[in-house]
Amino acid sequence: AYENYTISVTVDSDITAGPNGEILESDETNNTMVRNITAYVNCLKGNSWQDGRNITNLQYHEGTINLTYSVGDSKRVSGWGSVWRSVTVNWTASDLPIPPTETDIKKARLYVYYDWDPRPALGLPNVTNYFNLSFNGHNITPDAIYTDRKMDPFLEHRVVGNYVYTCACDYGMCKYNYDYGMVAYDVTDVFKVSGNTAILYNSQPPNPIKPRTAAFKGMLLVVVYSNPAEPERIIYINEGLDRLYAGADYGVSPDEATTYAVFGGEIPLNTIGKATLITITMDASTGDVNRLYFNGQLLGTDAWTASPGAPCEIKHNVSEVLPLLQATNNTAAYQSNGDWFEATNAFLVLEKAGHKSISVEPEEIIVQPQDQFDVNITLNAHGCDVYAVQYTLKYDPSVLRAESQVSGDFLSHDGNKTMVVVNKIDHATGTIEYAETRIGTDTGVTGRGTVAKIQFTAIGEPGATTSINITEVVLVD
């Protein structure tokens with residue numbers, strides 16, 4: 001593309017006409033003509049068929065982390081008849097469920113989606129030059145801008161009625177050759193777990209030919225956070241924008257109308273217990289007109305049908321892909337089968353195989369003789385379900401006396417009832433036994449919390465010490 005090609009044609013000088021008016025030539029092998037032309041890019045093909053771009057691996061996170069995302073109360077705002085000046089999108093705490101305590105926000109990324117920007121076709125600056133974003137009252141500059149269109153580069157434009165054409169024809173690649181785009185903002189430092197508000201301002205002056213501006217399609221807020229109650233995870237975040245359409249009218253096959261999100265790096269397969277692929281698109285239609293693949297396997301047709309939040313044109317697909325996971329070069333593929341849509345984001349969330357842990361907290365405490373103090377028996381399920389708990393505690397009865405043991409809320413924090421099966425204190429041997437189970441349900445709970453609270457009195461001499469050892473632990477799924 002963008003290169004000059006030469007086609008040579010030579011015509012015989014000795015040409016005669018046949019009885020039916022056909023041209024008779026003495027030499028059929030030397031017909032050549034010379035014409036210099038420039039090839040243009042059919043941008044409806046996947047970017048890997050053009051200049052090698054794809055939905056690029058941007059970030060990698062690892063730890064006791066999780067990913068959540070939502071479009072909030074996004075809704076489309078048309079720019080067809082006039083220039084809109086501001087759009088507000090809100091996210092409540094329930095839109096992005098994040099633990100309010102012991103949480104560290106690792107990354108908060110805001111994506112703004114738009115389409116039908118006519119300005120580049122008119123030789124004018126992209127509409128994003130006039131975007132200004134306020135997030136929770138803070139002005140945020142763009143971190144990245146991605147755009148795509150039907151054809152590149154533009155030819156000389158002209159206007160007919162309400163449409164801008166980028167060459168002499170009124171159809172095909174020339175008609176509606178407008179920019180589609182996504183702008184990414186880093187809002188990590190100003191994100192709030194309690195709720196967030198983004199206001200996008202548009203200061204674009206009226207176009208000299210047409211007053212319209214790009215249409216606002218919605219926003220997507222993506223958050224990666226760490227919390228000790230979360231299981232160990234590896235999270236990949238990919239982003240970009242590739243407009244796709246497969247159709248004979250544009251000379252594009254489904255194989256060509258395919259773009260890819262490649263997740264780089266090596267994955268320790270033997271440690272992964274769950275793998276979730278999340279893909280985001282703009283404008284995807286319903287029906288067998290689009291397809292989603294992972295590592296060459298079809299995950300589904302009509303793949304993007306629901307919005308992660310308020311109904312809008314930003315759609316998502318969530319697929320479990322553990323059986324298809326590879327050690328390297330894991331690849332999601334978006335494909336058009338007659339659909340006009342844009343591939344934009346891909347997230348791969350790998351959850352390590354869980355290991356439940358139970359502990360005594362605090363690990364160390366200093367008290368005076370006759371002081372009373374509490375210890376908690378804390379369980380971290382690391383993403384696994386727990387239905388019942390049993391344990392035994394050992395301590396030196398000459399140093400401590402156990403006064404009471406009461407249930408915590410770990411097994412019942414979802415509102416389900418539980419039953420304490422064993423609750424014993426043996427003062428003579430310094431032994432505490434406890435067992436509790438959920439009742440009235442077949443499912444367990446996960447997370448991190450207190451199984452039981454034990455009150456002790458320090459009865460030893462000054463300087464006396466003892467360990468509190470937890471043994472004979474049974475955790476039932």
Side-chain angles (χ1 to χ4, degrees), residues 58-59 61 65-77 84-115 128 131-146 181-202 214-227 229-230 233 235-239 241 276 278-284 304-318 342 344-347 349 447:
L58 174 74
Q59 296 167 355
H61 301 273
I65 59 175
N66 204 356
L67 179 144
T68 184
Y69 61 97
S70 172
V71 298
D73 60 1
S74 291
K75 60 182 179 181
R76 185 180 186 276
V77 178
W84 52 266
R85 291 306 178 192
S86 68
V87 177
T88 300
V89 178
N90 301 288
W91 292 265
T92 65
S94 60
D95 289 329
L96 298 161
I98 298 172
T101 60
E102 299 186 84
T103 293
D104 180 32
I105 303 301
K106 310 298 290 186
K107 180 63 66 176
R109 200 156 177 87
L110 179 68
Y111 298 97
V112 174
Y113 304 84
Y114 69 91
D115 68 6
T128 57
F131 283 176
N132 291 282
L133 182 80
S134 171
F135 190 83
N136 291 335
H138 301 268
N139 292 326
I140 309 296
T141 58
D143 192 55
I145 299 174
Y146 305 92
M182 179 180 77
V183 188
Y185 299 86
D186 186 346
V187 295
T188 306
D189 293 340
V190 293
F191 176 83
K192 297 179 180 178
V193 173
S194 58
N196 298 271
T197 297
I199 305 175
L200 181 67
Y201 297 97
N202 181 9
F216 169 81
K217 306 304 287 286
M219 298 185 191
L220 180 73
L221 184 53
V222 180
V223 181
V224 176
Y225 66 89
S226 66
N227 186 282
E230 295 292 342
R233 290 188 177 98
I235 296 177
Y236 294 88
I237 296 178
N238 287 32
E239 68 185 36
L241 187 137
T276 305
I278 302 165
T279 50
I280 309 292
T281 62
M282 180 169 71
D283 297 322
W304 299 277
T305 58
S307 297
C312 67
E313 291 163 304
I314 312 305
K315 305 292 180 64
H316 71 152
N317 176 282
V318 180
E342 296 74 47
T344 57
N345 310 79
F347 315 125
V349 180

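Along the sequence shown, residues are numbered consecutively beginning with 1.
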Ile65 and Glu230: CA distance, side-chain angles, deciding distance, side chain to side chain contact (heavy atoms under 4.5 Å, CB included) verdict: CA-CA 6 Å; Ile65 59 175; Glu230 295 292 342; 5.9 Å; no
Least distance between heavy atoms, Val193 atom then Pro100 atom: CG1-CA, 4.3 Å
Side chain to side chain, Ile280 and His316, heavy atoms closer than 4.5 Å: yes
Polar side-chain atom of Asn90 near backbone of Thr197 as donor-acceptor pair, under 3.5 Å: no
Lys/Arg-Asp/Glu bridge criterion (N-O < 4.0 Å) met for Lys75, Asp73: no
Gap separating the CG atom of Leu110 from the CG atom of Leu133, nearest 0.5 angstrom: 6.0 Å
Any Ile237 side-chain heavy atom under 4.5 Å of Phe347 side chain: yes
Minimal non-hydrogen separation, Ser70 against Gly309, with atom names: OG-CA, 4.2 Å
Nearest atoms (heavy-atom pairs only) where Ile314 meets Ser307: O-OG, 2.9 Å
Point-to-point distance, once rounded to the nearest 0.5 Å, from CE of Met219 to CG of Leu200: 5.0 Å
Closest non-hydrogen atom pair, Ser74 against Cys312: O-CB, 3.9 Å
From OH (Tyr185) to CG (Asn139), nearest 0.5 Å: 10.5 Å
Aromatic plane relationship, Trp84 with Phe216 - under 30° parallel, 30 to 60° tilted, over 60° perpendicular: perpendicular
Any donor-acceptor N/O pair, Thr188 side chain to Ala108 backbone, under 3.5 Å: yes
Atom pair CD1/CG of Ile105 and Leu96 - distance to nearest 0.5 Å: 9.0 Å
Ring pair (Phe, Tyr, Trp, His ring centres under 6.0 Å) involving His61 - partner list, sequence neighbours excluded: none
Tyr114 and Phe131 aromatic ring geometry - parallel, tilted or perpendicular at 30°/60° bounds: perpendicular
Close side-chain approach of Met182 and Glu239, heavy atoms under 4.5 Å: yes
Donor-acceptor contact below 3.5 Å, side chain Arg85 vs main chain Asn202: yes
Test item: Ile98 and Thr68 side chains (from C-beta on) under 4.5 Å apart, heavy atoms: yes
Nearest non-hydrogen partners of Ala284 and Lys315, listed with the distance: O-NZ, 3.8 Å
Heavy-atom side-chain proximity of Leu221 to Asp95 below 4.5 angstrom: no
Tyr69 and Ile278, any side-chain heavy atoms less than 4.5 Å apart: yes
Where Asn136 and Gly195 come nearest, the two heavy atoms and their spacing: OD1-O, 4.2 Å
Side-chain donor-acceptor contact under 3.5 Å, Tyr113 with Asn345: yes
OG1-CG distance between Thr344 and Asn238, expressed to the nearest 0.5 angstrom: 11.0 Å
Main-chain N/O of Val222 paired with Arg109 side-chain donor or acceptor, under 3.5 Å: no
Ion pair check, Asp186 and Lys107, cut-off under 4.0 Å: yes
Sidechain-backbone polar pair: Thr103 side chain, Asn227 backbone, donor-acceptor under 3.5 Å: no
Between CZ on residue Arg233 and OG1 on residue Thr276, distance to nearest 0.5 Å: 8.0 Å
